2 protein chains.
Amino acid sequence: MKQSAICPKFEKAISLLSQRWTALVIYQLLSEPQRFSEIQSAIGISGKVLSDRLKELEQFGLVKREVIPETPVIIEYSLTDKGKSLEPVLKAIENWSQTWITIEAD
Amino acid sequence: MKQSAICPKFEKAISLLSQRWTALVIYQLLSEPQRFSEIQSAIGISGKVLSDRLKELEQFGLVKREVIPETPVIIEYSLTDKGKSLEPVLKAIENWSQTWITIEAD
DNA sequence: AAACTTAGTTACATAAAGTAACTTAAAGTA
DNA sequence: TACTTTAAGTTACTTTATGTAACTAAGTTT
(Lines give C-alpha, C1' and ligand atoms only; values in the text may rest on other atoms or scores of the structure.)
Protein backbone atom coordinates (compact mmCIF):
# COMPACT_ATOMS: atom_id res chain seq x y z
CA MET A 1 0.00 0.00 0.00
CA LYS A 2 2.05 2.94 -1.25
CA GLN A 3 0.55 5.99 0.28
CA SER A 4 0.03 9.42 -1.25
CA ALA A 5 3.16 11.02 -2.59
CA ILE A 6 0.96 13.98 -3.36
CA CYS A 7 2.39 17.26 -2.17
CA PRO A 8 0.24 18.72 0.60
CA LYS A 9 0.54 22.21 -0.83
CA PHE A 10 -0.72 21.04 -4.16
CA GLU A 11 -3.48 19.11 -2.49
CA LYS A 12 -4.54 22.17 -0.57
CA ALA A 13 -4.58 24.28 -3.71
CA ILE A 14 -6.65 21.67 -5.48
CA SER A 15 -9.13 21.39 -2.67
CA LEU A 16 -9.56 25.16 -2.75
CA LEU A 17 -9.95 25.39 -6.48
CA SER A 18 -12.19 22.41 -6.80
CA GLN A 19 -14.80 23.80 -4.53
CA ARG A 20 -17.79 24.73 -6.58
CA TRP A 21 -17.85 28.39 -7.64
CA THR A 22 -14.47 29.29 -6.22
CA ALA A 23 -12.65 29.47 -9.54
CA LEU A 24 -15.49 31.33 -11.21
CA VAL A 25 -15.61 33.93 -8.46
CA ILE A 26 -11.89 34.53 -8.77
CA TYR A 27 -12.15 34.64 -12.53
CA GLN A 28 -14.91 37.16 -12.27
CA LEU A 29 -12.91 39.39 -9.94
CA LEU A 30 -9.90 39.16 -12.24
CA SER A 31 -11.48 41.67 -14.59
CA GLU A 32 -12.21 44.27 -11.91
CA PRO A 33 -13.27 44.75 -8.30
CA GLN A 34 -16.95 44.14 -7.93
CA ARG A 35 -19.88 44.29 -5.60
CA PHE A 36 -21.72 41.34 -4.17
CA SER A 37 -24.70 41.64 -6.45
CA GLU A 38 -22.57 42.09 -9.55
CA ILE A 39 -20.73 38.85 -8.94
CA GLN A 40 -23.99 37.18 -8.15
CA SER A 41 -25.70 38.09 -11.38
CA ALA A 42 -22.61 37.63 -13.51
CA ILE A 43 -22.01 34.02 -12.60
CA GLY A 44 -25.45 32.97 -11.39
CA ILE A 45 -24.54 31.91 -7.88
CA SER A 46 -26.95 32.03 -4.96
CA GLY A 47 -26.50 34.67 -2.28
CA LYS A 48 -25.92 32.05 0.33
CA VAL A 49 -23.11 30.27 -1.41
CA LEU A 50 -21.52 33.48 -2.65
CA SER A 51 -21.49 34.73 0.89
CA ASP A 52 -19.81 31.52 2.05
CA ARG A 53 -17.27 31.58 -0.75
CA LEU A 54 -16.31 35.18 -0.24
CA LYS A 55 -15.73 34.57 3.44
CA GLU A 56 -13.54 31.58 2.69
CA LEU A 57 -11.62 33.43 0.01
CA GLU A 58 -11.10 36.32 2.36
CA GLN A 59 -9.82 34.02 5.07
CA PHE A 60 -7.57 32.41 2.56
CA GLY A 61 -6.16 35.80 1.67
CA LEU A 62 -7.28 35.72 -1.94
CA VAL A 63 -10.01 38.31 -1.74
CA LYS A 64 -10.29 41.62 0.05
CA ARG A 65 -13.60 43.05 1.25
CA GLU A 66 -13.73 46.78 1.38
CA VAL A 67 -16.43 49.05 2.67
CA ILE A 68 -16.46 52.23 0.68
CA PRO A 69 -18.26 54.93 2.65
CA GLU A 70 -19.97 56.56 -0.27
CA THR A 71 -23.59 57.23 -0.17
CA PRO A 72 -25.03 54.69 -0.33
CA VAL A 73 -22.27 52.57 1.07
CA ILE A 74 -20.57 50.27 -1.41
CA ILE A 75 -19.04 46.97 -0.48
CA GLU A 76 -16.38 46.08 -2.94
CA TYR A 77 -14.66 42.77 -3.37
CA SER A 78 -11.30 42.60 -5.04
CA LEU A 79 -8.41 40.21 -5.44
CA THR A 80 -5.31 40.47 -3.33
CA ASP A 81 -1.91 39.82 -4.90
CA LYS A 82 -2.29 36.22 -3.94
CA GLY A 83 -5.64 36.18 -5.67
CA LYS A 84 -4.31 37.87 -8.77
CA SER A 85 -1.50 35.36 -8.91
CA LEU A 86 -4.05 32.76 -9.90
CA GLU A 87 -4.51 34.44 -13.24
CA PRO A 88 -2.17 32.04 -15.08
CA VAL A 89 -4.13 29.12 -13.71
CA LEU A 90 -7.43 30.52 -14.88
CA LYS A 91 -5.96 31.47 -18.23
CA ALA A 92 -4.61 27.97 -18.66
CA ILE A 93 -8.09 26.61 -18.09
CA GLU A 94 -9.55 29.16 -20.46
CA ASN A 95 -7.06 28.21 -23.12
CA TRP A 96 -7.66 24.55 -22.70
CA SER A 97 -11.39 25.02 -22.91
CA GLN A 98 -11.12 26.82 -26.24
CA THR A 99 -9.25 23.96 -27.79
CA TRP A 100 -10.90 20.97 -26.23
CA ILE A 101 -14.42 21.76 -25.16
CA THR A 102 -17.27 21.62 -27.57
CA ILE A 103 -20.73 22.87 -26.91
CA GLU A 104 -23.40 20.86 -28.57
CA ALA A 105 -26.33 22.78 -29.95
CA ASP A 106 -29.67 21.26 -28.96
CA MET B 1 -28.95 43.40 -14.80
CA LYS B 2 -25.99 42.57 -17.04
CA GLN B 3 -26.04 38.88 -17.58
CA SER B 4 -23.12 36.43 -17.75
CA ALA B 5 -20.57 37.26 -20.40
CA ILE B 6 -18.85 34.09 -19.34
CA CYS B 7 -17.87 31.86 -22.21
CA PRO B 8 -19.82 28.60 -22.13
CA LYS B 9 -16.77 26.55 -23.02
CA PHE B 10 -14.86 28.02 -20.15
CA GLU B 11 -17.80 27.48 -17.87
CA LYS B 12 -18.01 23.86 -18.90
CA ALA B 13 -14.31 23.35 -18.31
CA ILE B 14 -14.61 24.94 -14.89
CA SER B 15 -17.57 22.84 -13.91
CA LEU B 16 -15.64 19.73 -14.88
CA LEU B 17 -12.47 20.69 -13.08
CA SER B 18 -14.18 21.97 -10.00
CA GLN B 19 -15.87 18.73 -9.28
CA ARG B 20 -14.29 17.20 -6.26
CA TRP B 21 -11.51 14.70 -7.08
CA THR B 22 -11.56 15.23 -10.83
CA ALA B 23 -8.36 17.24 -11.00
CA LEU B 24 -6.55 14.92 -8.61
CA VAL B 25 -7.52 11.85 -10.60
CA ILE B 26 -6.21 13.43 -13.78
CA TYR B 27 -3.07 14.57 -12.02
CA GLN B 28 -2.52 11.09 -10.75
CA LEU B 29 -2.90 9.55 -14.19
CA LEU B 30 -0.52 12.09 -15.65
CA SER B 31 2.42 10.19 -14.26
CA GLU B 32 1.39 6.83 -15.70
CA PRO B 33 -1.57 4.59 -16.49
CA GLN B 34 -2.92 3.05 -13.36
CA ARG B 35 -5.37 0.57 -11.95
CA PHE B 36 -8.44 1.40 -9.95
CA SER B 37 -6.98 0.45 -6.62
CA GLU B 38 -3.76 2.33 -7.26
CA ILE B 39 -5.57 5.56 -7.90
CA GLN B 40 -7.73 4.91 -4.91
CA SER B 41 -4.91 4.47 -2.46
CA ALA B 42 -2.76 7.19 -3.98
CA ILE B 43 -5.27 9.97 -3.56
CA GLY B 44 -7.49 8.59 -0.82
CA ILE B 45 -10.79 8.62 -2.67
CA SER B 46 -13.62 6.21 -1.92
CA GLY B 47 -14.40 3.44 -4.38
CA LYS B 48 -17.83 4.83 -5.01
CA VAL B 49 -16.74 8.29 -5.99
CA LEU B 50 -13.73 7.06 -7.95
CA SER B 51 -16.01 4.82 -9.91
CA ASP B 52 -18.32 7.75 -10.65
CA ARG B 53 -15.46 10.03 -11.63
CA LEU B 54 -13.82 7.54 -13.92
CA LYS B 55 -17.10 6.99 -15.73
CA GLU B 56 -17.59 10.71 -16.17
CA LEU B 57 -14.04 11.24 -17.30
CA GLU B 58 -14.39 8.41 -19.76
CA GLN B 59 -17.59 9.89 -21.15
CA PHE B 60 -15.88 13.21 -21.39
CA GLY B 61 -13.10 11.64 -23.41
CA LEU B 62 -10.37 12.40 -20.92
CA VAL B 63 -9.73 8.91 -19.65
CA LYS B 64 -9.56 5.54 -21.35
CA ARG B 65 -10.46 2.31 -19.60
CA GLU B 66 -8.68 -0.74 -20.89
CA VAL B 67 -9.11 -4.37 -19.98
CA ILE B 68 -5.83 -6.16 -20.26
CA PRO B 69 -6.43 -9.90 -20.52
CA GLU B 70 -3.49 -11.01 -18.49
CA THR B 71 -3.93 -13.43 -15.77
CA PRO B 72 -5.38 -12.11 -13.58
CA VAL B 73 -7.12 -9.53 -15.69
CA ILE B 74 -5.90 -5.97 -15.27
CA ILE B 75 -8.06 -2.94 -15.74
CA GLU B 76 -5.96 0.01 -16.61
CA TYR B 77 -6.97 3.62 -16.70
CA SER B 78 -5.01 6.10 -18.74
CA LEU B 79 -5.35 9.60 -20.10
CA THR B 80 -6.35 10.25 -23.67
CA ASP B 81 -4.72 13.07 -25.61
CA LYS B 82 -7.47 15.32 -24.42
CA GLY B 83 -6.71 14.25 -20.88
CA LYS B 84 -2.99 14.76 -21.29
CA SER B 85 -3.63 18.20 -22.67
CA LEU B 86 -4.65 19.25 -19.18
CA GLU B 87 -1.10 18.92 -18.01
CA PRO B 88 -0.33 22.67 -18.31
CA VAL B 89 -3.38 23.43 -16.20
CA LEU B 90 -2.34 21.05 -13.47
CA LYS B 91 1.23 22.28 -13.62
CA ALA B 92 0.03 25.86 -13.30
CA ILE B 93 -1.84 24.91 -10.15
CA GLU B 94 1.17 23.01 -8.85
CA ASN B 95 3.38 26.00 -9.48
CA TRP B 96 1.00 28.36 -7.84
CA SER B 97 0.70 26.15 -4.81
CA GLN B 98 4.46 26.07 -4.28
CA THR B 99 4.64 29.84 -4.14
CA TRP B 100 1.47 30.74 -2.35
CA ILE B 101 0.28 27.93 -0.16
CA THR B 102 1.65 27.43 3.29
CA ILE B 103 1.07 24.41 5.42
CA GLU B 104 0.89 25.17 9.08
CA ALA B 105 2.46 22.66 11.40
CA ASP B 106 0.23 21.71 14.31
C1' DA C 1 -44.27 56.97 5.77
C1' DA C 2 -44.15 53.40 1.91
C1' DA C 3 -41.48 51.20 -1.30
C1' DC C 4 -36.90 50.07 -3.14
C1' DT C 5 -32.04 48.54 -3.12
C1' DT C 6 -27.94 46.25 -1.33
C1' DA C 7 -25.87 42.82 1.23
C1' DG C 8 -26.62 39.51 3.31
C1' DT C 9 -29.01 35.51 6.57
C1' DT C 10 -32.30 31.80 7.74
C1' DA C 11 -34.99 27.70 7.19
C1' DC C 12 -35.94 24.11 4.47
C1' DA C 13 -35.29 20.80 0.22
C1' DT C 14 -32.30 18.37 -2.86
C1' DA C 15 -27.98 16.62 -4.48
C1' DA C 16 -23.29 15.10 -3.84
C1' DA C 17 -19.83 12.71 -1.11
C1' DG C 18 -18.26 9.60 2.63
C1' DT C 19 -18.46 4.94 5.00
C1' DA C 20 -18.66 0.36 5.34
C1' DA C 21 -20.39 -3.85 4.12
C1' DC C 22 -21.36 -6.70 0.14
C1' DT C 23 -20.69 -8.91 -4.68
C1' DT C 24 -18.50 -11.28 -8.53
C1' DA C 25 -14.84 -13.53 -10.69
C1' DA C 26 -10.55 -15.49 -10.81
C1' DA C 27 -6.40 -17.39 -8.25
C1' DG C 28 -3.87 -19.15 -4.55
C1' DT C 29 -3.66 -22.14 -0.45
C1' DA C 30 -4.63 -25.99 2.89
C1' DT D 1 -12.23 -29.73 -3.12
C1' DA D 2 -13.27 -26.10 0.16
C1' DC D 3 -11.42 -21.74 2.09
C1' DT D 4 -9.29 -17.35 1.54
C1' DT D 5 -7.62 -13.47 -0.89
C1' DT D 6 -7.55 -9.77 -4.32
C1' DA D 7 -9.38 -6.52 -7.72
C1' DA D 8 -12.97 -3.85 -9.22
C1' DG D 9 -16.76 -2.33 -8.29
C1' DT D 10 -21.81 -1.72 -6.20
C1' DT D 11 -25.34 -0.97 -2.62
C1' DA D 12 -27.54 1.01 1.38
C1' DC D 13 -27.20 4.41 4.54
C1' DT D 14 -25.26 8.83 6.77
C1' DT D 15 -23.30 13.29 6.52
C1' DT D 16 -22.16 17.41 4.12
C1' DA D 17 -22.72 20.75 0.45
C1' DT D 18 -25.53 23.29 -2.48
C1' DG D 19 -29.92 25.32 -4.15
C1' DT D 20 -34.28 27.99 -3.31
C1' DA D 21 -36.96 31.28 -1.62
C1' DA D 22 -38.43 34.10 1.84
C1' DC D 23 -36.74 37.36 5.27
C1' DT D 24 -33.91 41.23 7.54
C1' DA D 25 -31.43 45.64 8.39
C1' DA D 26 -29.84 49.93 6.90
C1' DG D 27 -30.02 53.46 4.04
C1' DT D 28 -32.68 55.96 -0.23
C1' DT D 29 -35.91 57.55 -3.07
C1' DT D 30 -40.75 59.15 -3.76
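Quick note on labels: first sequence line is chain A, next is B, and so on, each numbered from 1. Just so it is clear, the model here is predicted, and its values are computed rather than measured.
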Does anyone know the first and last nucleotide of DNA chain C in reach of chain A, 5' to 3', at under 4.0 angstrom to a heavy atom? C:dT6 to C:dA16
D:dA17 C1' sits how many Å from A:Leu16 CG, rounded? 16 Å
For a quick test of reading the model: is some side-chain N or O of A:Trp21 closer than 4.0 Å to OP1 or OP2 of D:dA17? no
Under 3.5 Å donor-acceptor, A:Arg65 side chain and A:Lys55 backbone: no
Which letters describe nucleotides 25-30 of chain D, given B = protein heavy atom under 4.0 Å from base, S = only from sugar-phosphate, - = neither? ---S--
For B:Ile75 and D:dT6, what is the distance between atoms CD1 and C1' respectively, to the nearest whole Å? 13 Å
For D:dA7, does either OP1 or OP2 sit under 4.0 Å from a side-chain N or O belonging to B:Tyr77? no
Rounded to whole Å, the CZ-P distance (A:Phe36 to D:dT24) equals 18 Å
Taking 4.0 Å as the cut-off, does a side-chain nitrogen or oxygen of B:Lys55 come that near to OP1 or OP2 on D:dA8? no
Flag side-chain contact, heavy atom, 4.5 Å: B:Glu56 against B:Leu16: no
Pairing of A:Lys91 and A:Glu94 as salt bridge, 4.0 angstrom limit: yes
Heavy-atom side-chain contact between A:Leu50 and A:Ile39 under 4.5 Å: yes
Return the value, rounded to whole Å, for the distance between atom CD1 of B:Ile74 and atom P of D:dT6. 16 Å
Does A:Lys64 have more than 12 heavy atoms from other residues, nucleotides or ligands lying within 6.0 Å of its NZ? no
Which residue, B:Asp52 or B:Arg35, contacts DNA chain D at a nucleotide closer to its 5' end, judged by nearest heavy atom? B:Arg35
Taking C-beta and beyond as the side chain, do A:Leu86 and A:Tyr27 meet within less than 4.5 Å on heavy atoms? no
Which nucleotide sits closest to the side chain of A:Arg20: D:dA7, D:dG9, D:dG19? D:dG19
Examine distances only and state if a side-chain atom of A:Ser18 and a backbone atom of B:Gln19 form a donor-acceptor pair shorter than 3.5 Å. no
Are B:Val63 and B:Thr80 packed together at the side-chain level, in the sense that at least one heavy-atom pair is separated by less than 4.5 angstrom? no
Could you state the atom-to-atom distance from CD of B:Gln19 to C1' of D:dT16 in whole Å? 16 Å
For A:Ile45 and B:Gly47, find the nucleotide of DNA chain D closest to each by heavy atoms; which residue's nucleotide sits nearer the 5' end? B:Gly47
May I have the distance from B:Glu58 (atom CD) to D:dA8 (atom C1'), rounded to whole angstrom? 14 Å
Atom pair distance, as rounded to whole Å: NZ in B:Lys48 and P in D:dT15: 14 Å
Partner of D:dT20 by Watson-Crick or G-U wobble geometry, both contacts under 3.5 Å, or none? C:dA11
Whole-Å distance separating the CD atom of B:Gln40 from the P atom of D:dG9: 10 Å
Can you see if the side chain of B:Ser37 gets near the phosphate of D:dA8 - specifically, an N or O under 4.0 Å from OP1 or OP2? yes
Just by modelled atom types, is the A:Thr99 backbone N or O under 3.5 Å from a matching donor or acceptor in the B:Lys9 side chain? no
Check the hydrophobic clustering (I, L, V, M, F, W, Y; side-chain heavy atoms under 4.5 Å; chains of links allowed) and say if A:Val73 and A:Leu54 are grouped together. yes
